[in-house]
Amino acid sequence: MLASLSDVELLAAILLVAPLGCLLILLFSFERNLRETATLATAAALFLGIVELAGRVLAGARPGLEVAEIAPGFSIAFAVEPLGMLFAVIASGLWIVNSIYSIGYMRGNDEPRQTVFYLCFAIAIAATIALALSANLVTLFIFYEILTISTYPLVVHKANSEAVAAGRVYLALLMGSSVVLLLPAVIFTYALAGTTDFTAGGVLAGKADYATLGFLLFLFAFGIGKAALMPGHFWLPAAMVAPTPVSALLHAVAVVKAGVFTLLKVVVYTFGLDALSASGQGEWLVWLAGFTLITASLIALHQDNLKKRLAYSTVSQLSYVILAAAILTPISAVGAAMHIAAHAVSKITLFFAAGSVYTAAHITEISQMRGIGRRMPVTMGAFAIGAISMIGLPPTAGFLGKWFILSGAAGSGQWFAVAVIVASTVLNACYFLPIIYTAFLPPAADVGAAHASGHARADEFHGAPWQIVFAISMTALMTLALFFYPDPVLELARQMVVVGEGR
């Protein structure tokens, strides 16, 4: 059936799937099995449609669709290009796994307001797909804001004072940065170039002097608050008060990925790698990304709360993508795209594992995890795979992205970036390997004897629901599979560079 649709019809169908899923979730809100079946069916239909479209994009198709003109020169329109296609595949694929995980987690922890949870999750995915396939900055900005608004109820899901406070920080930083900096950047781009369309080779070459380009890059870099560059990163650790499936959404599926995706897309399709490189204005962004990488890693080292350590790890890991974009070479841009995919499957595995441990043993602190790997070998084995990928070691997906970024930095003589990548890799090992050691190496008897220090007592331990274990296993396998079978991701990334620079 999908094969019979034209490229434009398929694009339109993809954009409608998640909104229709929202209606089904509301319709079946009275019965949780029907509601969750609607969620899974919608996620599966979306993924199948996007995979079909991705095959066509790899073959050279570039469908576009204009929905409405909201003002002269400003329209809501969609156009498929390789980077957006890659992001859409990642988000839609992980929605399926996250939905399976969410069923086990939300039921296992008897979470309230589950219909609101699934509804807001679906809206967030719909916004993410629309953002990924946006044809211009105006469309991207609209769905960027919808993504922020739809995820706010998820951040404050627990409805306690801590969640409400975190929600205020979340909205203030993300909405504030986009309205004060990102929106002016969009308008400024139109004033300079006469268009906000994403175009091969960019639209700003020859349209402004180097200082103006540098100022515009500043507006985009800090206006895209979801990219979590320091000092605008505080919303991300604060949001860890949300349920673990939400943390996975924020870190791996949609929100932060939307941030680094947007910045990379702006660099490639609005500025253009060649134009920005000629201006010399990317150098300060290399230094800022390097500072964020190292500082966030050092903070992560001192976090005993597992989700907070993972949150600061995300702040650091996102800056690999920003660093790669700022290096402004084709191979580093390929590395940035590859790292978006690698981080998605790796970090969602880590958060899934954190939620599994919490559901089974109500453990939240790393110091409480002695021997937990002996009672939860699948969970902590998957955690180990995700951690090794975050360090950047083979045979995991994280190795490939770092290798391309490092090659781009070394090939262009940017030795500061090389030093940052090496140093951060060591720091990653320093804050991930002790967790694995704590989980697996102490005697198993310590688990049952450690109640006095806050550890899970043997008779208090309950296994995680099968949906959680299944989802963790799937994302861990994806992390390995992406190392051995990277060709589709790499081909989309290469097409992004070749088409984006007109080569």
Side-chain angles (χ1 to χ4, degrees), residues 144 173-174 176-178 180-182 184-185 188-189 204 210-237 251 255-268 270-273 275-301 311-329 332-333 335-337 339-340 343 401-402 404-406 408-410 412-428:
Y144 182 98
L173 284 174
L174 294 188
S177 62
S178 62
V180 175
L181 298 173
L182 180 56
F188 195 14
T189 298
L204 291 170
Y210 292 164
T212 301
L213 288 179
F215 176 67
L216 185 58
L217 181 62
F218 170 86
L219 291 179
F220 276 115
F222 288 101
I224 302 169
K226 292 183 176 73
L229 271 171
M230 288 184 169
H233 68 287
F234 294 106
W235 65 271
L236 193 52
H251 289 256
V255 179
V256 297
K257 291 298 179 301
V260 291
F261 161 80
T262 298
L263 189 53
L264 180 58
K265 188 159 183 170
V266 164
V267 167
V268 174
T270 299
F271 287 94
L273 293 177
L276 199 53
S277 179
S279 74
Q281 294 300 316
E283 186 174 348
W284 67 266
L285 189 56
V286 170
W287 284 85
L288 180 60
F291 171 79
T292 302
L293 258 169
I294 299 301
T295 304
S297 295
L298 290 171
I299 295 173
L301 271 171
Y312 280 104
S313 167
T314 296
V315 174
S316 176
Q317 293 285 334
L318 291 177
S319 285
Y320 279 111
V321 179
I322 300 169
L323 181 72
I327 290 171
L328 300 174
T329 64
S332 67
H339 196 71
I340 288 175
H343 183 265
K402 279 194 178 182
F404 280 105
I405 298 170
L406 191 60
S412 60
Q414 300 205 36
W415 302 113
F416 170 75
V418 171
V420 165
I421 294 168
V422 172
S424 65
T425 298
V426 173
L427 288 171
N428 291 340

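Note that this is a predicted model, so its numbers are computed, not measured.
Checking each of L263, L229, V260 against L318 for a side-chain contact (heavy atoms from CB on, under 4.5 Å) leaves exactly one that passes, namely V260.
A distance of 11.5 Å separates CD1 in I299 from CG in L427, rounded to the nearest 0.5 Å. Rounded to the nearest 0.5 Å, atoms OG (S178) and CD1 (I224) are 10.5 Å apart. Rounded to the nearest 0.5 Å, atoms CG (L182) and CG (L174) are 11.0 Å apart. The line from NE2 of H339 to OG of S319 is 9.5 Å long, rounded to the nearest 0.5 Å. Note that OG1 of T262 is 10.0 Å distant from CZ of F220, once rounded to the nearest 0.5 Å.
The two residues L323 and A417 make their nearest non-hydrogen contact at CD1-CB, 4.1 Å. Considering all non-hydrogen atoms of both residues, P231 and F222 come closest at CD-CE2, 4.1 Å. Of all the heavy atoms in G223 and L181, the pair that sits closest is CA-CB, 3.5 Å. When all heavy atoms of A300 and S313 are compared, the pair lying nearest together is CB-N, 4.3 Å. Nearest heavy atoms, A324 versus I405: CB-CG1, 3.6 Å.
Between T425 and K402, the side chains place a donor N or O and an acceptor N or O closer than 3.5 Å (distance only, hydrogens not considered). Counting only N and O atoms by type, the side chains of S424 and S297 include no donor and acceptor under 3.5 Å apart.
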Step-by-step side-chain contact (heavy atoms from CB on, under 4.5 Å) determination, Y320 to I421: CA-CA 8 Å; Y320 279 111; I421 294 168; 4.2 Å; yes

side-chain contact (heavy atoms from CB on, under 4.5 Å) between H233 and L173, intermediate numbers included: CA-CA 8 Å; H233 68 287; L173 284 174; over 6 Å; no

side-chain contact (heavy atoms from CB on, under 4.5 Å) between Q414 and E283, intermediate numbers included: CA-CA 9 Å; Q414 300 205 36; E283 186 174 348; 5.9 Å; no

Candidate pair L264 and I340, rule side-chain contact (heavy atoms from CB on, under 4.5 Å), full reasoning: CA-CA 10 Å; L264 180 58; I340 288 175; 4.2 Å; yes

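A 4.5 Å side-chain heavy-atom check between Y144 and K226 finds at least one atom pair inside the cut-off. By the 4.5 Å heavy-atom criterion applied to side chains, P237 and Y312 are counted as neighbours. No side-chain heavy atom of L328 sits less than 4.5 Å from a side-chain heavy atom of F271. Residues T329 and L273 fail the side-chain proximity criterion, which asks for heavy atoms closer than 4.5 Å. Looking only at side-chain heavy atoms (C-beta outward), L216 and L204 come within less than 4.5 Å of each other.
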Which pairs of donor and acceptor atoms, one on a side chain in residues 284-294, lie under 3.5 Å apart (sequence neighbours left out)?
| residue | atom | partner | partner atom | Å |
| --- | --- | --- | --- | --- |
| W284 | NE1 | Q281 | O | 2.9 |
| T292 | OG1 | M230 | N | 3.3 |
| T292 | OG1 | L288 | O | 3.0 |

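When atom types are taken as modelled, the side chain of T270 and the backbone of V267 share no donor-acceptor pair closer than 3.5 angstrom.
Using the six-membered ring where Trp is involved, F218 and F215 have ring planes that are parallel, under 30° apart on the 30 and 60° scheme.
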